[in-house]
J.: 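Here it is: the structure, laid out below.
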Number of protein chains: 2
Amino acid sequence: MSAISMLELRHLRTLSALHETGSVSRAAKRVHLTQSALSHQIKALQDHYGVPIVRRQGQSVELTDAGKRLVALAGKVLEEIQATERSIAKMSQQASGSLRIALECHTCFDWLMPLMDAFRQHWPDVELDLVSGFHSDPVKLLEEGGADVVIGSEHKRRRGVVHHPLFSFEILAVLSPDHPLRAKRILQAADFSDLTLITYPVPEDRIDLILNVLKPAGIHPQRRTTELTVAILQLVASRRGIAALPSWGIQNYVEHDYVIARRIGPHGLWSDLYASTLTETASRPYLRDFLTTARNTCFATLDGIVPLD
Amino acid sequence: MSAISMLELRHLRTLSALHETGSVSRAAKRVHLTQSALSHQIKALQDHYGVPIVRRQGQSVELTDAGKRLVALAGKVLEEIQATERSIAKMSQQASGSLRIALECHTCFDWLMPLMDAFRQHWPDVELDLVSGFHSDPVKLLEEGGADVVIGSEHKRRRGVVHHPLFSFEILAVLSPDHPLRAKRILQAADFSDLTLITYPVPEDRIDLILNVLKPAGIHPQRRTTELTVAILQLVASRRGIAALPSWGIQNYVEHDYVIARRIGPHGLWSDLYASTLTETASRPYLRDFLTTARNTCFATLDGIVPLD
DNA sequence: TAAACGTATGAATAGTATTCATCAATATTA
DNA sequence: TAATATTGATGAATACTATTCATACGTTTA
């Protein structure tokens, strides 16, 4: 007779994702379900409470007041749960150990910093470190004990190594606002001939644009390298060349019209990001916590990224 | 690969009940599931977190530190959820109306007071009232519009009326500590002949002991009535007679040895409590909230009561 | 030493969340 | 403006998994 409360955490997770993505389909991807599943969930909630939770606003959906209230609840509750699970993990066993992070992706510094801050607070007894410098085979670092996590796009199956999917992101071409190519909405491989490509100082086979677009088309533009993302953008803005960077890495600069961004190829050039660890480190509670908070903060902070796996 | 969190609210509800009851079987009754179901739930949690949640302590179970942490979480989270659902109910429509409570059961004042306090805070716009005096047919009060809820043991199906089950409780015989019957652990109908029965001033057919035990056995003891529970207990303690009261109503007095309590019949004399409303009032959000908080606080406060339905 | 009570557990079942297949509506592109 | 691609909603089919059932095992009580 009296179904006291049909609410489950799954609903809160859904609503939270719905809030962050602003669309049922995207939220569905985020929680690894189909759009239909979420639609049914939302309908069930609405039927139960007798109030609309979302309002169809043209193409996408908007949360109602009741929806917002539930989202607020979700935020609080999910955070409390994560905190509890952390403290249980600490009781369980090793709340200590080391987490030395090796970065294959230069731009990742952007979102890694706040994440590391949070992590340091949650796990004061874990030695947190950044392994600096460029490494030709970063995953080898794991096996050699030089790092505990590698963040990069490599995900070849390798014995004793686990690749934890983080997210997919789009790589956009970055141009100066008055660049001749500005008229084209989508750039093709051919557009890059006779241009200077500005990149981080890494080998060619580590640059997706070259590896997956230019090389197959037989195009080998000139290259100029620099360490820092801002430096790359400076050079682009000064019309010294063109660059290819993650969409979330340049967003601020595009918004201020320092540079403009263009899609590469009809479907865009996409790249995947993984956090790789040894199998044994993968089970450490603090590592698992690092991964989930990494995903959480990335999805909350970074625009235009898509879940993986 | 990474099942971020398998925790669901159902687990928290279970653990909360487990904490309050101290036993898997009783907790199972509380959440309207089987003992087996809860046992499986707990096992699943333990497997997931890799830590014991409960420890078998002889006959019953005890929560571990991790278990206690989860119970603390449950308390917080479930309360936040109830608060949210209240505020959604308020948005939805009528957060106002009236809740006039008629009590068929005198002893119920004990637990009703704190409940009404809480309710008044949650629903400031609902007119809360107690319908005083005794009524021969309290459910008729609903139909006549004299009350919105009747709390009593009546639950005959009647058109337009819903009986919301609250809980079952045991009625114990109350004796003075030096009463001749003190030696018997269990009293039979025959034991009541030649005794004076002290009761509230209500008709015989509203007294479970008379209706279900004494009358069937052809026993008609003398009766003396008084309004207040304390007065009944005073009379019992002064050896003026014997009484039959809910176990939770006399607990304090038994603990202080003012009186002693004895089971009536081999399985005890049990009575059920319902909150009855008109069908239309049953759907009001504040009524639903009243019912769930009533059950919650009763189960949390009153000892020895058992879920119903 | 049963009898009664409480918990644990594998297998069967039942319940229901999710997917599939589709439609309608809106936005995008040619 | 038609054509195409997205997005959300919905009934029916499916797949999953939580719950129950049946039972065993341990503890307490008479």
J.: Salt bridge (charged side-chain N to carboxylate O under 4.0 Å, His left out): which pairs involve residues 171-188 of chain A, sequence neighbours left out?
T.: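 Residue pairs passing salt bridge (charged side-chain N to carboxylate O under 4.0 Å, His left out), neighbours aside: D178(A)-R239(A), K184(A)-D191(A).
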J.: Using distance alone, with no hydrogens and no angle criterion, decide if S153(B) and D272(B) have a side-chain donor and acceptor under 3.5 Å apart.
T.: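 No, no side-chain donor-acceptor contact under 3.5 Å.
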J.: Using atom NE2 of H48(A) as one end and atom P of dA17(C) as the other, report the distance to the nearest whole Å.
T.: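 Distance, rounded to whole Å: 12 Å.
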J.: What is the distance, rounded to the nearest whole Å, between atom CZ of R13(A) and atom C1' of dA17(C)?
T.: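 Nearest whole value for this atom pair: 14 Å.
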J.: Starting from C1' on dA9(D), measure out to CD1 on I53(A) and report it in whole angstrom.
T.: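 Rounding to the nearest Å, CD1 of I53(A) and C1' of dA9(D) are 16 Å apart.
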J.: Let me know the distance between CD of Q41(A) and C1' of dA9(D), rounded to the nearest Å.
T.: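 It works out to 15 Å between those atoms.
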J.: So which one's nearest nucleotide on DNA chain D is more toward 5', S39(A) or H32(B)?
T.: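 Of the two residues, S39(A) wins.
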J.: How many whole angstroms separate atom CG of D47(A) from atom C1' of dA17(C)?
T.: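 Atom-to-atom, D47(A) to dA17(C), this comes out as 15 Å.
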J.: Salt bridge or not for E85(B) and K90(B), using N-O below 4.0 Å?
T.: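 A salt bridge is absent here (no side-chain N lies under 4.0 Å from a carboxylate O).
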J.: Please collect all side-chain hydrogen bond (donor to acceptor under 3.5 Å, both in side chains) contacts where either partner lies in residues 32-42 of chain B, sequence neighbours excluded, each pair once.
T.: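 Matches after skipping sequence neighbours: T14(B)-Q41(B).
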J.: So how far off straight is the helix from dT1(C)-dA30(D) to dA30(C)-dT1(D), going by the axes through five pairs at either end, to 10°?
T.: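 So the angle between the two local helix axes works out to 20°.
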J.: Do any pairs count as a salt bridge (charged side-chain N to carboxylate O under 4.0 Å, His left out) and have a residue in residues 26-45 of chain B, sequence neighbours left out, and if so which ones?
T.: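 Found E20(B)-R30(B), K43(B)-D47(B).
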J.: Using a 4.0 Å heavy-atom cut-off, write out nucleotides 20-30 of chain C from 5' to 3' as B (base contacted by protein), S (sugar-phosphate only) or - (no contact).
T.: B-----BS---
J.: Going by side chain to side chain donor-acceptor pair (under 3.5 Å), name the residues that satisfy it together with S25(B), two or more places apart in sequence or in a different chain.
T.: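 Listed in chain order: nothing, the list is empty.
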J.: Going by side chain to side chain contact (heavy atoms under 4.5 Å, CB included), name the residues that satisfy it together with A66(B), two or more places apart in sequence or in a different chain.
T.: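 A66(B) satisfies side chain to side chain contact (heavy atoms under 4.5 Å, CB included) with I88(A), M91(A), V51(B), T64(B) only.
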J.: By side chain to side chain contact (heavy atoms under 4.5 Å, CB included), which residues pair with V54(B), not counting sequence neighbours?
T.: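 For V54(B) the side chain to side chain contact (heavy atoms under 4.5 Å, CB included) partners, ignoring immediate neighbours, are L18(B), I42(B), Q46(B), V61(B), L63(B).
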J.: E8(B) has an atom CD; how far is it from atom P of dT17(D), in whole Å?
T.: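 To the nearest whole Å, that distance equals 12 Å.
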J.: May I have the distance from E62(A) (atom CD) to dG8(D) (atom P), rounded to whole angstrom?
T.: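 To the nearest whole Å, that distance equals 13 Å.
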J.: Of all of residues 22-31 of chain B, which get a heavy atom below 4.0 angstrom from DNA chain C, listed by number?
T.: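 Only S23(B), V24(B), S25(B) qualify.
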J.: Please state how far atom NZ in K43(A) lies from atom C1' in dT18(C), giving the value in whole angstrom units.
T.: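 Computing the K43(A):NZ to dT18(C):C1' distance gives 16 Å.
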J.: Could you give all pairs that pass the salt bridge (charged side-chain N to carboxylate O under 4.0 Å, His left out) test and reach residues 60-75 of chain B, with sequence neighbours left out?
T.: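 Listed by first then second residue: R55(B)-E62(B).
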J.: Suppose we screen for side chain to side chain contact (heavy atoms under 4.5 Å, CB included). Which residues come up paired with A189(A), at least two apart in sequence or across chains?
T.: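 Counting only residues at least two positions away or on another chain, A189(A) forms a side chain to side chain contact (heavy atoms under 4.5 Å, CB included) with V213(A), L214(A), A217(A), I219(A).
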J.: Name all residues meeting the ring-ring contact (aromatic ring centres under 6.0 Å, His included) criterion together with H155(B); count only those two or more places apart in sequence or in a different chain, and write none if there are none.
T.: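 Checked H155(B) against ring-ring contact (aromatic ring centres under 6.0 Å, His included); matches are Y274(B).
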